[in-house]
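Every chain is numbered from 1 and lettered A, B, ... according to where its sequence line falls, protein lines coming before strand lines. Keep in mind it's a predicted model, so treat the numbers as computed, not measured.
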Amino acid sequence: MSDSKNFIYEIIEEEMKEGGRCYGKRVHTRFPPEPNGYLHIGHAKALEIDFGAAEAYGGLCNLRMDDTNPTKEDVEYVEAIKEDIKWLGHDWEDRFFYASDYFDKMYEYAIELINKGLAYVCELSPEQMHEMRGDTSTPARSPYRDRPIEESLDLFQRMKAGDFEDGKMTLRAKIDLTSGNFNMRDPVIYRINHLPHHRTGSTWCIYPMYDFAHPIEDALEGITHSLCSLEFEAHRPLYDWVIDNISIESKPRQIEFARLGITHTVMSKRKLRNLVENNLVSGWDDPRMPTLCGLRRRGYTANSIRTFHDRNGVSKVNAVVDYAFLEFCLREELNSTALRVMGVVHPVKLVIDNYPEGLSEEFTVENNPERPEDGVRTVTFSRELWIDQDDFMEIPEKKYFRLFPGNEVRLKSTYVIKCISCEKDDEGNVTLIHAEYDKDSRGGNTTDGRKIKATIHWVDANNCLDAEVRLYDRLFTVESPDLADCDYMDFLNPNSLTIVSNAKVEASLKNTKPSDRFQFLRVGYFCADSKDSAPDHLVFNRAVSLKDSYKPGT
RNA sequence: UGGGGUGUAGCCAAGGGGUAAGGCACGAGACUUUGACUCUCGCACUCGUAGGUUCAAAUCCUGCCACCCCAACCA
């Protein structure tokens, strides 16, 4: 990686210098999810930036649930969000907060604004307010704008007391009815909502709007840098207005960065929820989902997701990163950490005709050639084996150098075998492959020095385990299902999940525990499913396949 | 339309007056008891575009174009 800093870090460093806004202070950020859905890999970018900035400068990062709208939020998400963040390895220590912790203070600040003549109670209905918002050439209006302070004070207190129905009144900031930035045209800062709140119950029936609440939350917590995504850029003047007009000493600064997208998937909560509710996926944690729980179940490591974001960098360009890059980050980590095992996903029987019937030999195989300290294991070998259908071609294509009649290959760590013939069923499917082994090649090397180009994996048909293997592909067939004019659902990949129920894996996998990860030699990285895998029914999810430079027929 | 942003390779992304880093993807080759990994080489005569300033411009200036966000009593 280059040693250049992203633009946010540059700003932070500049402000920490002598004479800077934050000179002598400790960098303090926050991650403020709304508890209304599951975290996805896009959130992980914000997590990386928020917690990352704190870590990089010896600062702190708070976790804060932004629960200012009881209509949308629910406790069920709070624990899931915390779990995902912990899994990624971020630590908020004892600084876990809720926006609702500050409802009392926010109310007081609202009163302060009214008293200063900077806020007023407006009785316009949503429809009327919309009509009177004005357009680019005409200013907004409200007949209640100049109502006496005492009247607003009284009305606001009665709003809080529950005297009015939802939608009857709002508290508005008195800013600028002519601003080209409509966020400044007397924005609503409090609305009435009689729905019970997941934490404060029915204590409140008025709730602060994000634009009013967020700067206060930040200031109250002593946040120095409030990092958020690009769509809040136009809200920054309002953020600053709130900070400047209430009696609070802390002056956080909001800095915006671009969110992250990934090809072949969708990221909005609405679209993701749609997939779940229409049973197009098995749930929020379906291994095809870009949610953190989905990626985790798929077999992604926390580290690979972090690395992915670190290497993508931070900018203000709306980025859609190639899914292949995420896969690369996973492969890179698992290549050095995952134990190798042999698993045959699409089995076909191979018989070594000249191998003694009833004989069983043991061989040792390295667990990970990238990491010798992981040692070796023992596998058994006998006359009948399972090999992958892909490793045999009755009539080989050009440049195919695996098994075909007359050709020799090495069975990983054991013997060199030569294909003699094959048997087929009525439909032409290969049902059995006949081969002979070179008994002098024990371990895999020939005695006469002839080169064996291919090494294939196998499992002992007399000593192996059945397994279910779930092969995943991208959820959508196009790079940007989001951008298309058509319905993104039209691009759902009908083959995003292939279930193989008759896979064969080596006996050493007997004690596999849920979430264990392996490299199935020459095939890919697999993760025992955290929900469905059991000792008597192994289920492996393919997290990502191995790269394959073989191009059929070329 | 008004306001706010952004344009460097197929995708990310450095570089902010001195002659285009790096990664992914892709292609070629070496090595290989994983067609993996690793290694080598290749991959922008040019930075949205048109002008201008300068000995020198991706970098400074001006105009234009394209795309994204906002115009909720959502966050």
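Cation-pi contact between A:Arg442 and A:Phe363: present, with separation from the ring centre below 6.0 Å and deviation from the ring axis of at most 45°. Cation-pi check for A:Lys439 over A:Tyr437 is met; the charged atom lies under 6.0 angstrom from the ring centroid and within 45 degrees of its normal. A cation-pi contact, defined as under 6.0 Å to the ring centre and within 45° of the axis, links A:Arg185 to A:Phe182. Both the sub-6.0 Å distance and the 45° axial angle are satisfied by A:Arg402 relative to the ring of A:Tyr550.
Screening A:Lys547, A:Arg474, A:Arg542 against A:Glu327 for a salt bridge (charged side-chain N to carboxylate O under 4.0 Å, His left out) leaves a single residue, A:Arg474.
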- Query: Under a 3.5 Å cutoff on both atom distances, Watson-Crick or G-U, what's the dot-bracket for RNA chain B ([ ] crossing, | other strand)?
  - Reply: ((((((((.[[[..)..(...]]].(((((.......))))).....[[[[[..)....]]]]])))))))....

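For A:Arg311 and B:G22, a side-chain-to-base donor-acceptor distance below 3.5 Å is absent, hydrogens and geometry of angles not being considered.
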Show me the protein contacts with nucleotides 70-72 of chain B, counting only N or O atoms at under 3.5 Å.
{"residue": "B:A71", "atom": "O3'", "partner": "A:Arg133", "partner atom": "NE", "Å": "3.4"}
{"residue": "B:A72", "atom": "OP2", "partner": "A:His130", "partner atom": "ND1", "Å": "3.3"}
{"residue": "B:A72", "atom": "OP2", "partner": "A:Arg133", "partner atom": "NE", "Å": "3.3"}
{"residue": "B:A72", "atom": "OP2", "partner": "A:Arg133", "partner atom": "NH2", "Å": "2.2"}

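Base orientation for B:A71: anti, the chi torsion being more than 90° from 0.
Taken to the nearest 0.5 Å, the CG atom of A:Asp438 stands 7.5 Å off from the CG atom of A:Asp448.
The residues A:Arg64 and A:Glu217 are annotated as salt-bridged, a charged nitrogen and a carboxylate oxygen being separated by less than 4.0 angstrom.
The separation of B:C31 from B:C37, taken at their C1' atoms, amounts to 11 Å, rounded to a whole angstrom. The separation of B:G51 from B:A58, taken at their P atoms, amounts to 14 Å, rounded to a whole angstrom.
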